[in-house]
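Just below is one structure, and these are the notes that go with it.
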Amino acid sequence: MSEPQPPADEPTSGQWGPPPSVPPTLSNQQRYADPFAGMASGPAPETPKRRKEGVWVALAAIIGAAAVIGGVAWYTQRDTDDEALAGRDLTPRTTQDSPDDEAGSDDPAVPENEAVEPEEAAPEIAPNGDNAVCPDGTRQEVCDAARFVEDFRGRPFQTFPVVEFADEDEFLERLLDDVDQEDIDETEVQGEVLGSLGLIRPGVDLVRVTTQSLEIGVVGFYDPVSKELVIRGSEINPFVELIMVHELVHAHDDQWLDLDRPEIEDLDDETFLGFLAVVEGNANRVESAWRAELSPRKRSELSNLEFSFYGPDDIAILQQIPSFVLETQFFPYEDGPVLVRAIADAAGGGDAGERAVDEAILNPPPTSEQSLHPQQYLDGESVPVISAPAASGEVIDEGVIGELVFDIWFGDVVGDGWNGDRYVSFERDGQTCTVINVAADSGEDLDEFFDAAADWVGDAEGDDLRRSDQTRVDGVDVVIIEGCR
């Protein structure tokens, strides 16, 4: 990368924010034309429209959605929780191993660090060995799943939850019942922002593909507002039982900790994404422990049911959904369990570990960086603050992109060097434009961001306009990434 000339500490704002210090350069040192040269400034920016879930949290990130939305490839490529749990004792405190369960080895060493002191303390829970009374007429499998959740989390349900089973049509209707025009409008804005950065292809209807991924992949949900817990189908098998365990964890956590959190849904940072990582990660952690206790025969049956869940038509549709959409939807289910286990282990496991998880639900990681790197959350690492770029049009969105998106976009080697960013998206001349200021942990990391962004510029196709540069904003070295579609 060519060495940029030292820019002024307080550059004047232009149509894209701070002006470039030098003409941008590709990694191979070949200069390219500035596609934005000569553009006129647009109107003054207006107050942005805020969204409750934030631009990088897909509409599919419904609390309680079971993690089956990654596609068949996920089942064949992932490192299964079965293998990871084979050497750990995750038996709930009052549940005994069945005779044909596989034996596990000793627990791994517990990290010495302690969890960060939360701003809000979890409620004090008096020891209580009693389980909530399972109402007469409730299916035994529901009672057993609820008891497993109570035993694992160390306290009873305050009120025994109602588990409903719905056929295909009713389930899909109820799943999408709360999606209103505001949600659709917000998702359309998401699509425009993602498109301006080339993260989804031209012509992709984000509302349609998000709805398709939900209809195909979600097999159960818990709504913390209505308190509905609904399972897709009526036949009880190990797969349905697994989904029940997952959703009952949400119902249990909601009764004790309140999962309806509008105060963080309305933020334009990554706190709600961290909340989802803890909430879904906790449910996956408990369901994985339930899976680990199955007999080999039942575990094999469960695996077969999972592998056969998608039919040929479903697979064909999933293959058309942008990988970015699926990866961001699946993030809480894949990385969340790693985060939650680290939090519980750092507190020493047992009841102390479960209460540490409670505190993380109340005070979740504020960045995807902390969700991806649990030690940074445990250490209470401060959240980097980066100034937003200037906009030259009507602002439609602003916020933080975060390490997760850069991991997917440029690769985790680059994303690991993330040290804060801020973006603004606006409409100008019939296009959606997005400008990002991103900082890095070191000069070397900043160079990697610069080179990755320059390669991204060189890959522009069609009418996409892209530019990258390196400059200094408020005394911080940043890479500017700009795209229009």
Side-chain angles (χ1 to χ4, degrees), residues 62-68 81 90-101 128-175 177 217-256 259 279-280 282-309:
I62 297 174
I63 292 178
V68 196
D81 277 335
L90 291 178
T91 305
R93 281 168 289 282
T94 61
T95 303
Q96 300 299 321
D97 289 331
S98 58
D100 54 356
D101 281 342
N128 187 338
D130 298 330
N131 296 109
V133 176
C134 189
D136 291 340
T138 303
R139 299 188 186 192
Q140 186 60 47
E141 294 88 350
V142 175
C143 299
D144 292 343
R147 185 165 295 112
F148 184 94
V149 172
E150 290 177 317
D151 292 343
F152 192 101
R153 292 289 277 138
R155 57 195 177 198
F157 281 97
Q158 295 175 358
T159 302
F160 198 90
V162 176
V163 177
E164 300 180 76
F165 296 83
D167 63 25
E168 189 81 2
D169 292 339
E170 180 188 356
F171 179 85
L172 294 178
E173 180 180 353
R174 295 177 69 172
L175 174 66
D177 184 56
V218 177
V219 291
F221 70 88
Y222 174 76
D223 186 336
V225 177
S226 66
K227 313 305 179 186
E228 293 175 296
L229 195 165
V230 186
I231 304 297
R232 189 176 196 160
S234 58
E235 179 184 352
I236 296 292
N237 57 43
F239 182 53
V240 170
E241 291 179 74
L242 180 80
I243 302 308
M244 281 197 299
V245 170
H246 183 106
E247 304 308 335
L248 283 166
V249 174
H250 293 320
H252 184 273
D253 289 348
D254 186 39
Q255 289 186 11
W256 287 98
L259 298 187
V279 169
E280 294 295 356
N282 186 40
N284 268 32
R285 177 183 66 119
V286 179
E287 76 169 57
S288 295
W290 178 87
R291 181 198 296 261
E293 287 202 342
L294 294 177
S295 68
R297 180 185 59 79
K298 276 200 168 185
R299 196 178 301 177
S300 176
E301 182 183 357
L302 173 58
S303 296
N304 289 334
L305 289 166
E306 289 176 312
F307 275 112
S308 62
F309 178 75

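For reference, positions follow the sequence shown, starting with 1.
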- Taking ring pair (Phe, Tyr, Trp, His ring centres under 6.0 Å) as the test, write out the residues that go with F160, two or more places apart.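 Once residues adjacent in sequence are excluded, F160 has no partner under the ring pair (Phe, Tyr, Trp, His ring centres under 6.0 Å) criterion.
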
Does the [X] side chain pair with the main chain of [Y], one donor and one acceptor, at a distance under 3.5 Å?
X    : Y    : result
K298 : S295 : no
S288 : N284 : yes
D223 : E228 : no
R291 : R299 : no
T138 : P135 : yes
E164 : I231 : no

- Take D144 and Q140, measure what side chain to side chain donor-acceptor pair (under 3.5 Å) needs, and give me the verdict at the end. CA-CA 6 Å; D144 292 343; Q140 186 60 47; 2.8 Å; yes

As an exercise, state the distance from [atom1] of [X] to [atom2] of [Y], rounded to the nearest 0.5 Å.
X    : Y    : atom1 : atom2 : result
N237 : N304 : CG    : CG    : 11.5 Å
Y222 : E247 : OH    : CD    : 10.5 Å
F157 : C134 : CZ    : SG    : 10.5 Å
D253 : R153 : CG    : CZ    : 4.5 Å
S303 : F239 : OG    : CZ    : 11.0 Å
Q158 : W256 : CD    : CH2   : 4.5 Å

Can you confirm whether [X] sits close enough to [Y] that some side-chain heavy atom of one is under 4.5 Å from a side-chain heavy atom of the other?
X    : Y    : answer
F221 : R174 : yes
N131 : P156 : no
E306 : L302 : yes
D167 : E170 : yes

To check you understand the geometry: which heavy-atom pair defines the closest contact between [X] and [Y], and what is its length?
X    : Y    : answer
H252 : R155 : NE2-O, 2.9 Å
L229 : A251 : CD1-CB, 4.1 Å
G220 : I243 : CA-CG2, 3.9 Å
V149 : V245 : CG2-O, 3.8 Å
A146 : L248 : N-CD1, 3.6 Å
P238 : E301 : CD-OE2, 3.4 Å

- Within 45 degrees of the axis of the six-membered ring of F165 and under 6.0 Å from its centre: does R139 put its NZ or CZ there? yes

- Item | Evaluation steps, side chain to side chain contact (heavy atoms under 4.5 Å, CB included), between E280 and H250 | CA-CA 8 Å; E280 294 295 356; H250 293 320; 3.0 Å; yes

- Message: The test is side chain to side chain contact (heavy atoms under 4.5 Å, CB included); show your working for V219 and F171 and say whether it passes.
- Response: CA-CA 9 Å; V219 291; F171 179 85; 5.6 Å; no

- Task: Could you point out which residue of H246, R285, E241, M244 forms a side-chain contact (heavy atoms from CB on, under 4.5 Å) with W290?
- Result: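 One option only clears the test, and that one is E241.
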
